Each structure stands twice: as C-alpha cells, then as structure tokens.
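The shown structure was predicted, so the numbers you read here are calculated from the model rather than taken from an experiment. Throughout, protein chains are lettered first and strands after them, A, B, ... in sequence-line order, and every chain is numbered starting at 1.
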Amino acid sequence: MKLPSMRNPFSVALCGLTATPALAADLSVTLQVPPIDTAEYHRPYVAVWLEREDRSVASQLALWYQQKRGGPAAAAPPMGPAAEGGTKWLPDLRQWWRRGGREMSLPADGVSGATRAVGEYELSFSQGRAPLGDLAPGAYKLVVEAAREDGGREVLDIPFQWPVKTTTPLKAQGKSELGAVTLLLKP
Amino acid sequence: MTSRKHSIKTQALLTAAALLLPLAAQAHKPWLAPSKTVLSVGQWVTVDAAASTVPFVRDHNAMRLDNLAITAPDGRSVAPDNTASGKLRSTFDLQLTQPGTYRIAMLNGGISASWQDNGQTRRYPPRGQPFNTAEFANAVPATATGLKVSQSIGRLETYVTAGKPSVGALKPTGRGLELAPVTAFNDLYVGERATFQLLIDGKPAQGVEVELIADGARYRDAVGEVMLKTDGNGQFSVEWPQPGLYYLSASITDDKAEKPATERRSSYAGVFEVLSP
C-alpha cells in the first residue's frame, strides 16, 4: 500500500508490474440462439460488442454472419466481391452497423465467424488480448444484437463496471431472437 | 356546362404539359423514394421518382429523369441503371460500388414571365420550352401590364450510403438553396435529434421555414406536416417521431435573380430515411 514516490520512477514501474493480476482479468459471454418454430428458419446474424458510456465502441467481440452464399451465384458473383455475399445483410444488424460495423473490414480476425445453429455458446475474452484488448477502467455496456432473415431483430445490453473485484455474473433475457445472455466478469 | 367542360379540358392540357417541367408545378411535390439508404458496399438501391400532392403517394405523375445528377462519394458523377418511366412514377437503379455517401439530385430551374394583356394572363416561355432572352423581348407586347419575370432554382435530393457516411459528394454548389449535414444524412434514428444546416448560395439561410412530412400520409387522417425554422446559423434540428421516409422542404424568394428576371425562387426538398435504434 506504499505510495510510489515521485522521485523514484522505478517504483512506479514496479508498481505497474505488481498490478499485472488485472491483466489476467476475464470476461465471458454466454448467449443462447433460441429455437424458433417457423417454416423457413435461417440462422441469425449475431454481433457482440462493448460500448463506452458515450456509446463509442470499446471492442468488437464477435460477429456471426453468412460468409459465403451457397449456389452457383456464389462461385461467380456478378459484380464485386460482395454483390450478393452475406455482407449484404449486415446493415440489418442496425445498431452494430452504426457502432462501427460499417467501418470494419471483413472477415475480421478473431471476431467474425459463420452463423451458429440453435444452442448455447460461450465466448471467452482476456484482458490485454485481442479482440478484447486493454479495456481501461470505467463503465461499459455489453451489447448483443441478433437479426434473422425472414425473422426479427433483437438487441440486449448489460451495463457493467470494469474491472471487478470479485467474480460478477450479470444477465439479460431475450424475448424473440435471443435467449438468455450472461456476462461473467472475473477479476 | 360548356364552360366547365372547357375548363376541365384546359386543366388536362396543362397537367399534360406540366409533365415536361416536373418541378414547376408547386402544387404537386416532387419526390424521390429510395428503397434503402443504409447499405453495404456492392449493394443495389432502386429509386422511384414522381410528383404528387402528398409525398410518396404514387397517384399523379412520373418525374422525368433528364435532370438527374448522381454524385459518388469520390465526387464524380455516376449514371443510373435501368431507367424507366411509367405513368405514375419513374424509376432507376444504382449500385453502390464505393464506400461512403452518394447524392442523388434532381436539378431544375429556369426563367419564366407572366403578364396581363387584353384582360388575359399570358406566359413566356411556353411550357416545356427554354427561356430565350431575344425571343422573350419579342413575346411581350407593348400593351402588356403587370409584367413579372421570375427565376426558379429547384433542388430535390436524397442520399444513400454504403458503409460509413462521408461528405465528399455533399459539397455545396453555392447556388440556390442547399442542405448541409451536421448530423450525417444516413445516420438518422428515432429518439435522436438530428441537426442540418440550410444554405442559400453557400451561406447560412436564416429564419427560413422548413416543412417536414412523414411517409404514410395516405394512411392517416391528416398529412401531419411539422413546421421548423432555421436559426441564425441556418441550422434547425429534428426529432423523428417514427421510423420511415421523411420529406423535408423549404423555399425562399429574393431579388437575386439573373436578368431579365427580377425575383428568384429557390427551393430545396430532401428525402431522408429514419431507422429505429
């Protein structure tokens, strides 16, 4: 608890090193893609990201979308790589799109992936490592958005403070396109 | 009966002639209706263009596409694809090959004169024809009274964006009424106040009334227009009550006309898409 003296920059550096346990802090997101009883089911597009209080994006955590479109059209797109690719529907994740999605180049390493079937998925992130990066202490919101072709759209958010002193589970419950979303914060 | 029939016939003729000068008929609002405005690179949009009493209701006349000017995010002009004109609306397609905001504009303008002669109102030029100064001098008889020569500059625009909104295509031309974004034109959401700036000849247009009409008027009992006013900096802000297309318009009349016109009417109309957050 000794305060580092200004005269001794080394002690500041050491103090920084002793603070490394914070770098091991974890954040994990469990989300459910709920079963939906419909004649024509398409897997939802899902985006997961962290927002600061001013709604700027702190970190893009995950994006599930249809990366390749089936059928002969996919083999020879009429014009441009994205003419009829799965990126066409990304603006339907309306919040994600304006919160940085529209500026991302896809596919994004460690963030984007294929759409997922109905089920529960756990995504784990570590402080200091991509895609979470170095999350500065402060107030954040975890945002999960899902949009489904021939279906609806749902956005859930979970506000939280970072870092945490004790393991903190937080939860939000979807009503249509998302099931339960839990955020587990570890010191 | 005879006179009534006659007037209906005249009306029909005038309406037919009005097709040639789409923005001249002020009673009918010219509008553009883009299929979407927030897209990703490579996507297509289709746009309808028509004029009707209530914006977006396809029940009057198609708009001619001769004066269509599309500016890409890099500032270059691009041509529309698949242009077609039906009875009630024209249409064209556009592929957004560049990231950024495209400006789709319909520009209209010209000089027209009216006067009284032998108790009748006369006009020059005949509808659909350009104004010719020499011809105009001969067209007005010495017995004419109440000569009024006015210039009009009409601008109708809509905007579509692939990816992140940009301003490269939105540089003001400095002529007539124009709108500049403070809030990006394709970043509009219910519950968020948007601010725009109205410019006249590139300078803030102060104290100008702006009318806002939401799509769907056909399914309401009233058009429900909202009147706004620009402040000292030409700015005004809008709170969108619901998602959908909006028709925003303003006009001013001043004496900065090109000769031989003595008054100038500048108008701007813009179509914006508002999304739910």
Write down the atom of [X], the atom of [Y], and the distance for their closest heavy-atom approach.
X: B:Gln43; Y: A:Lys88; value: OE1-O, 3.1 Å
X: B:Ser276; Y: A:Arg94; value: OG-NH2, 2.6 Å
X: A:Trp97; Y: B:Leu39; value: CZ2-O, 3.2 Å

A:Trp89 side chain near B:Ser40 side chain, heavy-atom distance below 4.5 Å: no

I need the A:Arg102 CZ to B:Asn186 CG distance, nearest 0.5 Å. 9.0 Å

Can you tell me how far apart CZ (A:Arg98) and CD (B:Glu192) are? Round to the nearest 0.5 Å. 4.0 Å

Kindly check if the number of other-residue, nucleotide or ligand heavy atoms within 6.0 Å of [atom1] ([X]) is above 12?
X: A:Arg55; atom1: CZ; value: yes
X: A:Glu120; atom1: CD; value: yes
X: B:Arg175; atom1: CZ; value: no
X: A:Asp109; atom1: CG; value: no
X: B:Asp221; atom1: CG; value: no

B:Leu275, B:Asp187, B:Thr161: which one forms the most heavy-atom pairs within less than 4.5 Å of chain A? B:Asp187

When only pairs under 4.5 Å are counted, which of B:Pro99, B:Pro277, B:Ala162 shares the most heavy-atom pairs with chain A? B:Pro277

